[in-house]
Number of protein chains: 2
Amino acid sequence: MTTPGFHDPVHDHERCLAEALQEAEQLCRDRGAQLTPVRRRVLELVWSEHRPQGAYELLEQLQAERGRVAPPTVYRALDFLLAQGLIHRIESLNAFVGCPRPSHVHNGQFFICEACGATAELSDPGLAERIDRSAAALGFAVNQRIVEVRGHCPDCSIQGSPNP
Amino acid sequence: MTTPGFHDPVHDHERCLAEALQEAEQLCRDRGAQLTPVRRRVLELVWSEHRPQGAYELLEQLQAERGRVAPPTVYRALDFLLAQGLIHRIESLNAFVGCPRPSHVHNGQFFICEACGATAELSDPGLAERIDRSAAALGFAVNQRIVEVRGHCPDCSIQGSPNP
DNA sequence: TTTGATACGTTATAGTATAACAATCAATCG
DNA sequence: CGATTGATTGTTATACTATAACGTATCAAA
Ligand SMILES: [Zn+2]
Ligand SMILES: [Zn+2]
Ligand SMILES: [Zn+2]
Ligand SMILES: [Zn+2]
């Protein structure tokens, strides 16, 4: 399993990727969901960085290796991966990032570095509870909690400039 | 001041709007910021509903009353209103909603009805603290906290269908 | 009067996402 | 076997969201 938090810039990312792919395959087998070549490849591309990537960014990479690929192809693959919980959509970036814990249904919290793009996902149940309590006070029925925290990761935080 | 939470569908909305506009004028006077006719009108349009509205939705209304208006006009007005804290951007909708407490700098939490669009803004300092604690544990420096809760408002919640 | 700052107008274009319909393929059934 | 069905992908066109770049108008300070 991928460790939570930000990764060392020089970590063994081959392993991140391999583990994510292996877990995705297992999970799809168990569910009878079809992780087709296109979907699998898009997942690999999403996982190629610890940074949310836009649909058209992924599209370009697909086109580089397969010739003509149209937007619906990548959007469909992304829809599938979202439905399976294998990736998350980062609303404030219109971009997508791999989920390190896809077998567990959750709404994570995303910490997004505005300098390097690196994004860490946490899942703090207490935070979800707190949101749900506010919702209950409003008589609001929660479907989804979107929490995206913008700022600077440890590598990009500079002493003396708290919010550059 | 606008009361927190969801509004009764038949509340006195003229008053919501009038109060928001008056507070905006006061606040801009105090800051030496120019609430020009275009900006003021866009703010009125945003406040015409307790539901986030898209830039092009606002643009259409401007065009209906002023003839040719181009997208930059409305985006510039929105940028100004955002900078002054008079409106908030809802990332998951690409839309904008009036802030009921513009004189107080904050990152609110938005509860968004997926049925009728109605959106309530809360500002729970404890929630922000909790996010900041997670951030601190990651060594992450927070600039902005985006919290958008999707679900159903009291008027649209139906007994027996928790997450329709 | 010149200058600089601010806001707004105008045109074009970039970036994100989906609708609609055709083609393919594998599994199933009469 | 041939037909039917459902899931996936291909293809084309279009809708929706946002900004770049440059020109104009206004006003106040120098
Ligand atoms: Zn990694
Ligand atoms: Zn109202
Ligand atoms: Zn607010
Ligand atoms: Zn509702």
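Letters A, B, ... mirror the listed sequences (proteins, then strands); counts begin at 1.
For the pair A:Gln34 and D:dT8, the criterion of a side-chain N or O lying under 4.0 Å from OP1 or OP2 is met. The phosphate of D:dA18 has OP1 or OP2 within less than 4.0 Å of a side-chain N or O from B:Arg89. Phosphate proximity of C:dG9 to B:Thr73: present, with a side-chain N or O under 4.0 Å from OP1 or OP2.
Between the side chain of B:Gln53 and the backbone N or O of B:Leu45, at least one donor-acceptor pair lies under 3.5 Å. For the pair A:Gln63 (side chain) and A:Val69 (backbone), a donor-acceptor distance under 3.5 Å is present.
One N or O donor and one acceptor, one from the side chain of A:Arg76 and one from the base of D:dG10, sit under 3.5 Å apart. No donor-acceptor contact under 3.5 Å links the side chain of A:Tyr56 to the base of C:dA14.
When the P atom of C:dT11 is taken as reference, atom CG of B:Leu59 falls 14 Å away, rounded to whole Å. For A:Leu93 and C:dT16, the CG to P distance is 10 Å, given to the nearest whole Å. Between the C1' atom of C:dA7 and the CG atom of B:Asp79 lies a distance of 13 Å, rounded to the nearest Å. In this entry the distance linking CG of B:Leu58 with P of D:dT17 reads 11 Å, nearest Å. Distance CG (B:Leu78) to C1' (C:dA7): 15 Å, rounded to an integer number of Å. One atom, CD of B:Gln63, and another, P of C:dC8, lie 17 Å apart when rounded to the nearest Å. For the pair A:Arg68 CZ and C:dA22 P, the computed distance is 21 Å after rounding to whole Å. Distance CD (B:Glu57) to C1' (D:dA15): 15 Å, rounded to an integer number of Å.
The residue among A:Phe80 and A:Ala70 whose nearest nucleotide of DNA chain D lies closer to the 5′ end is A:Phe80. If B:Pro71 and B:Thr36 are placed on DNA chain C by their nearest nucleotide, the residue sitting closer to the 5' end is B:Thr36.
Taking the six-membered ring where tryptophan is involved, the planes of A:His11 and A:His50 are tilted, since the angle between them lies from 30° to 60°.
Here the two rings, on B:His13 and B:His7, have centers that are 6.0 Å apart or farther.
Distance from the side chain of B:Asn94 is smallest for D:dA18 among the nucleotides D:dA18, C:dG9, D:dT9. Closest contact between the side chain of B:Arg39 and the listed nucleotides D:dT9, C:dT16, C:dC8 involves C:dC8. Nearest nucleotide to the side chain of B:Val38, out of C:dT18, C:dC8, D:dT19: C:dC8. Ranking C:dT18, C:dC8, D:dT19 by closeness to the B:Tyr75 side chain, first place goes to D:dT19.
The residues B:Glu148 and B:Arg150 are annotated as not salt-bridged, no charged nitrogen and carboxylate oxygen being separated by less than 4.0 angstrom.
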